[in-house]
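Read the structure below first, then the notes.
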Number of protein chains: 2
Amino acid sequence: MAPALASVEAEASADLIRAAGVKVTRGRVRVLDALHAARQPLSHAEVEARLGDASDPAVDRVTLYRILDSLVACGLALKAVDTRGVFRFSAAGAQRQHANHVHFRCTDCGGVFCLKAEPPPPPRLPRGFRLNEVAFDLRGTCAGCSSRVGV
Amino acid sequence: MAPALASVEAEASADLIRAAGVKVTRGRVRVLDALHAARQPLSHAEVEARLGDASDPAVDRVTLYRILDSLVACGLALKAVDTRGVFRFSAAGAQRQHANHVHFRCTDCGGVFCLKAEPPPPPRLPRGFRLNEVAFDLRGTCAGCSSRVGV
DNA sequence: GCGCAAACGCAACCTTGTTGCATTTAAATG
DNA sequence: CATTTAAATGCAACAAGGTTGCGTTTGCGC
Ligand SMILES: [Mn+2]
Ligand SMILES: [Mn+2]
Ligand SMILES: [Zn+2]
Ligand SMILES: [Zn+2]
């Protein structure tokens with residue numbers, strides 16, 4: 001099990017990056033891997049946390065910004081802004097993953113939880129409005145944060 | 001034309017603020033006025049620019065942030081994030097209570113439109129989760145932005 | 001008018017993201 | 001494999017947008 005050499009996922013990411021026509025670097029492979037493994041779009045800070053320990057940053061902060069933008073530029077990742085105004089990145093192809101169900105967003109920890117229920121059909125829109133996406137979000141405190149309220 | 005005293009619009013804004021149950025201050029009146037006069041949702045910087053000259057700031061930067069949030073909190077304004085991740089504010093229509101209806105959020109201009117439909121009852125949550133707020137948002141392009149696509 | 005909670009102004013701070021520049025490296029070439 | 005070079009990286013400095021803490025002022029109920 002020890003991943004002494006490149007894992008299968010890392011090889012797949014490397015191939016994607018090569019096919020996209022840009023240089024294959026350790027940073028890009030690890031970041032694209034992280035995006036593929038994630039169940040939700042990740043912020044810069046979240047990618048950073050998944051890559052290296054706080055003591056061993058794995059990639060420089062600025063380099064990570066540039067890696068993320070380069071993956072977007074070559075079409076391997078998507079960039080979108082979240083409700084707090086922070087950019088989030090997802091591996092291309094996984095973007096429609098969360099279109100058909102309800103989400104619970106914890107206002108304490110920022111965590112997103114996918115619920116089983118699917119959103120109801122959208123109401124009729126005024127003339128000229130064009131619908132792109134339906135977001136049915138519940139906001140509150142998740143189980144983890146609720147339990148450690150008083151510590 | 002010289003607005004030596006309070007204008008008609010300022011009086012209307014003051015009334016709205018009073019009716020919302022919060023203190024009527026010069027800053028709040030001027031900001032709500034600016035939001036009503038604007039054709040598009042305004043960022044903090046844009047409100048600031050409309051209020052005072054660069055030499056005479058009219059309201060403090062931090063106070064303006066707090067005024068904008070207070071108008072949102074009492075339902076007189078709506079807050080949304082634009083594609084750059086910057087918050088934009090718009091005057092709310094007749095409704096002051098936005099928890100009980102669906103919103104359409106224009107991803108082009110950041111505009112928020114209150115729809116008539118009310119959100120469906122939330123699905124059952126996993127054990128330990130505490131619900132605080134339900135947001136049923138439709139995202140897309142508003143009529144105004146749709147029509148000036150090619151122009 | 002008086003009193004007080006609410007709002008304000010100011011300084012400091014934080015988070016997210018960008019720019020400039022010197023150094024390193026992927027990978028093309030021979 | 002060695003050479004070469006454009007692209008990628010690391011680090012420092014910077015910038016915009018937004019928040020926190022705290023002492024002072026003010027709207028407004030009495
Ligand atoms: Mn989901
Ligand atoms: Mn920002
Ligand atoms: Zn619009
Ligand atoms: Zn509304």
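Predicted model, so just to flag it, every value in this text is computed and none were measured. Chain identifiers are assigned alphabetically (A, B, ...) following the order of the sequence lines, protein sequences preceding nucleic acid strands; residue numbering begins at 1 within each chain.
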Just how far, in rounded Å, is [atom2] of [N] from [atom1] of [X]?
X       : N      : atom1 : atom2 : result
A:Ile17 : D:dA7  : CD1   : C1'   : 14 Å
A:Arg30 : D:dA8  : CZ    : P     : 18 Å
A:Glu48 : C:dG17 : CD    : C1'   : 12 Å
B:Arg84 : C:dT16 : CZ    : C1'   : 16 Å
A:Asp69 : C:dT16 : CG    : C1'   : 13 Å
A:Leu42 : C:dG17 : CG    : C1'   : 17 Å
A:Tyr65 : C:dG17 : OH    : P     : 4 Å
A:Asp82 : C:dT16 : CG    : C1'   : 11 Å

Q.
Is there a salt bridge (Lys or Arg N to Asp or Glu O under 4.0 Å) between B:Asp69 and B:Arg66? Walk through the geometry before answering.
A. CA-CA 5 Å; B:Asp69 281 338; B:Arg66 295 201 265 231; over 6 Å; no
Q: Indicate yes or no for a side-chain donor-acceptor contact from B:Ser43 to the backbone of B:Arg88 under 3.5 Å, with no hydrogens or angles considered.
A: no
Q. Salt bridge check: are B:Arg30 and B:Asp33 linked by an N-O gap of less than 4.0 Å?
A. no
**Q.** Atom pair CZ (A:Arg127) and OG (B:Ser146), whose distance is rounded to the nearest 0.5 Å
**A.** 13.0 Å
Q: Report the distance from atom CZ of B:Phe113 to atom NE2 of B:His101, rounding to the nearest 0.5 Å.
A: 12.5 Å
**Q.** Reading 5' to 3' through nucleotides 2-13 of chain C, protein heavy-atom contacts under 4.0 Å coded B for base, S for sugar-phosphate only, - for none
**A.** ---BBSSBBB--
Q: Spell out, yes or no, whether A:Val102 and B:Leu138 are grouped together once hydrophobic residues are joined by side-chain heavy atoms under 4.5 Å, including indirect joins.
A: yes
